[in-house]
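Count residues from 1 along the sequence.
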Amino acid sequence: MSLLVLDNIKKHFGAQEVLRGATFSIDPGQKIGIVGRNGGGKTTLFRMIAREEQPDWGEVRVRKNARLGVVPQRPKFDPGQTAREYVTSGLDDLFETIGRYEACALEMGEAEGETLERLMAEHDRLGTRIEELGGWDTERKVETVLSGIGLPETHWDREAAVLSGGEKNRVALARELIGGHDLLLLDEPTNHLDLEGIEWLERYLKDLPTGVLIVSHDRRLLTNCINRIVELERGQLVAYSGNYPKYLQLKAEKFEAEFRAWEQQQEMLRKEDAFIKKHMGSQRTAEAKGRAKKLSHVERLEKPHHDVRRPFIKPPEAARGGERVLHTEKLSGGYGENVLLREVEIRIGRGERVGIVGPNGAGKSTLMKMLAGKLQPLGGQVVRGHGAICAYYDQDTSHLRDDHTPLEEVRRHYPEMTDQEIRDHLAKFLFRGDEVEKTIRTLSGGERARLSLSLLVLTRPSWFALDEPTNHLDLASRTALEEMLSAFQGAIVCISHDREFLDGLCHKTIEVSEEGVFEFDGNYSAWRADKIARHEAATEARAAKEAAARKAARQREEAEKREEGRAGKRKGSGGGPGRGKSPKNPYMFEKLEKRIMELESELEELNSALATEEVYSDSERLKETQFRIAEVEAELEISNEEWASWETA
């Protein structure tokens, strides 16, 4: 039985028809991504599913007793409630089920007959439900999710109400993730997560046994953990099996097939109309009338809609500058006593494409603002190259005047442009007709982002400094922005949580973290793979070092025991194994003891080498060393057995 069914949903806002017969269903365990243009009705659809809004027509049916998880946009916390306590409250159903399970177990101890059988059946059912809700280790589950979403451990027991806006949203997300819901509704869940948090969320959702309905513009997320895409277009929902790339393929094939069928029908209709007009009133009138009657019953195919509207962003002509855009010298930055960056040394050359990555709060935006000249450093300096001109994009769009219209805002910055030139320019960014006269305070986040981009490309910079340029942009707008930046001839430095954007645009990565600022020659995926490999190598080296220490201690103990045995034998008979007897071949016995000591010494050296960077960072040397350790251990085991069982005279 379906978890959720939307049946012919219609919704109007004034004269605007947002939904006009939207229909689809969700089965248990399905992972569904909803895509569509900004303002197309995705959030309205979510609100109706969550029963926060009612449709004008149609029905939203949720399976009886199904539990829906919805992340509130503005979470409310009880006075004094910590982040950990708020997230744990999402497990109330689990705690209640565990309580009933334990009470049932107590009752079973005194029950008999049919009552016992009933209690046993209920006990099994409750045990299964506990597993469905996440199992018994609730504390570990809470801490795993808090860590996964990127909330620092120092904040877990801090009062939730005093956290920043982004941290509050992450805490609210964590509470719903662990809730064991039958269907989880997520509206842009990656907005407040850093890149590692987004990748963690991907893995978590992929392994989640429950259903998920997610609105997202993150193409990598829609590719990695979604098995069905539902597109909201022109007020209707169209479902496609598979992830995001599969959706693009199927949508293109569907349009081509429908357009071909429409063209064929149009050709048939033209021919039939021509025949009817030609032969009506002639000797073939009866045939013409028959064809006309038949034609009147043909169901006309609607011309397939293919929405190709997207911003047309022509790249600005890059100002000619020197080979070096800028470099930093012992650059330090932060706010007051809160120093985020210390002695940063980086260099950006002409035409370079650089992505800045790192956890939230590490100082990425601070670094960008200093590079762009929007923030004074606390120490050191930014040395700009000859003719370096920066165009800076701020993710909060605070530079836009809320009381202005898009037309007035462009005129404020470029008074030499005529109104018609401004209108033509804004039309390329999908501001058409009366939309150029809206006040900026009424614009959506995506519209504000497009307006900021429209101002940005009117400059003539030698390099772009972009802080989260894809935030609030729908998929079509992101594609247009990527194409513009790819064609731009100058340097680009950008901060982004869109991995597809970083991979497609940047060939150099700067990591900002608590440990410092590090440069990597490669795009995001290459940097991430290298970081994971280094982390795994370091973890393996630590494990090998600990194992080596344990082996060395065990070998010392065994060597001491052998030495005690040798001493006892020497005391009893002048040397050699056996009870008061000498070995049959003292020379070979001495040679065996020498070989055992050589093997023990080599094994200790090999285990120590595993913990050195020159070995664990070189995969070939690491494999060779591990292989040799296995050989030495095998030979040593055989030699020790031979020594212990040496035949005596």
Side-chain angles (χ1 to χ4, degrees), residues 4 6-13 16-26 30-50 52-53 55-56 58 60 70-71 73 184-191 212-223 225-255 258 302 304-311 429-432 435 443-450 470-482 498 500-501:
L4 171 74
L6 271 65
D7 187 8
N8 197 27
I9 300 298
K10 296 181 181 180
K11 186 68 177 179
H12 294 77
F13 289 105
Q16 183 183 8
E17 188 178 33
V18 178
L19 299 171
R20 57 184 191 94
T23 298
F24 86 115
S25 63
I26 302 175
Q30 279 191 324
K31 308 291 194 305
I32 297 179
I34 296 185
V35 300
R37 291 189 173 276
N38 288 341
K42 298 188 297 295
T43 300
T44 300
L45 192 69
F46 256 48
R47 291 179 60 82
M48 286 191 289
I49 294 172
E52 297 173 1
E53 203 166 301
D56 297 333
V60 178
V70 183
V71 181
Q73 291 185 344
L184 189 59
L185 306 178
L186 301 175
D187 191 354
E188 294 290 357
T190 61
N191 276 358
V212 177
L213 185 62
I214 180 170
V215 170
S216 179
H217 292 142
D218 189 316
R219 291 159 291 182
R220 197 68 64 85
L221 180 72
L222 294 173
T223 298
C225 66
I226 294 298
N227 51 39
R228 189 179 175 208
I229 296 288
V230 176
E231 182 179 32
L232 178 56
E233 186 175 27
R234 303 176 75 191
Q236 294 186 323
L237 294 166
V238 181
Y240 299 87
S241 296
N243 59 8
Y244 184 73
K246 187 66 175 178
Y247 145 75
L248 293 177
Q249 175 193 335
L250 293 176
K251 182 182 179 182
E253 291 174 357
K254 176 176 177 288
F255 173 75
E258 290 178 349
E302 185 178 347
H305 175 72
H306 186 44
D307 191 354
V308 295
R309 292 178 304 128
R310 67 181 191 185
F429 292 83
L430 306 186
F431 293 101
R432 299 185 175 115
E435 291 178 332
L443 299 182
S444 67
E447 289 170 330
R448 292 177 69 98
R450 281 191 273 118
T470 60
N471 265 12
H472 307 296
L473 293 181
D474 57 27
L475 294 169
S477 298
R478 291 185 183 206
T479 302
L481 176 62
E482 288 173 6
D498 187 329
E500 200 77 15
F501 179 81

ask   = Are any non-hydrogen side-chain atoms of Thr43 and Val215 less than 4.5 angstrom apart?
value = no
ask   = Are Leu186 and Val71 close enough, and set up right, to give a side chain to side chain contact (heavy atoms under 4.5 Å, CB included), and what steps lead you there?
value = CA-CA 7 Å; Leu186 301 175; Val71 181; 3.8 Å; yes
query = Do the non-hydrogen side-chain atoms of Pro55 and Met48 ever get within less than 4.5 Å of each other?
reply = yes
key: Heavy-atom side-chain proximity of Glu233 to Val238 below 4.5 angstrom   = no
inquiry  = Does the structure place the NZ or CZ of Arg450 under 6.0 Å from the centre of the six-membered ring of Phe431, at an angle of no more than 45° from the ring's axis?
reply    = yes
message = Quick one: does any side-chain atom of Asn8 pair with a main-chain N or O of Gly58 as donor and acceptor, under 3.5 Å?
response = no
note = d(Tyr244 OH, Thr223 OG1) to nearest 0.5 Å is 8.0 Å
task = Could you go through the side chain to side chain contact (heavy atoms under 4.5 Å, CB included) check for Glu253 and Leu250 one step at a time?
result = CA-CA 5 Å; Glu253 291 174 357; Leu250 293 176; 3.8 Å; yes
ask   = At what distance, to the nearest 0.5 angstrom, does CG of Asn191 lie from CG of Asn471?
value = 6.0 Å
request  = Check for a donor-acceptor pair, side chain of Arg448 on one end and backbone N or O of Leu443 on the other, with a separation under 3.5 Å.
outcome  = no
query = Is NZ or CZ of Lys11 both nearer than 6.0 Å to the six-membered ring centre of Phe13 and within 45° of the ring axis?
reply = yes
Any donor-acceptor pair under 3.5 Å from Arg20 side chain to Gly235 backbone = no
request  = Might you confirm whether atom CD of Glu52 has over 12 heavy atoms from other residues, nucleotides or ligands at distances under 6.0 Å?
outcome  = yes
query = Atom NE2 of His472 and atom CD of Glu188: how far apart are they, to the nearest 0.5 Å?
reply = 9.5 Å
task = Report yes if the side chains of Glu482 and Phe501 come closer than 4.5 Å at any heavy-atom pair, otherwise no.
result = yes
Atom pair CG/CG of Asp56 and Leu19 - distance to nearest 0.5 Å = 9.0 Å
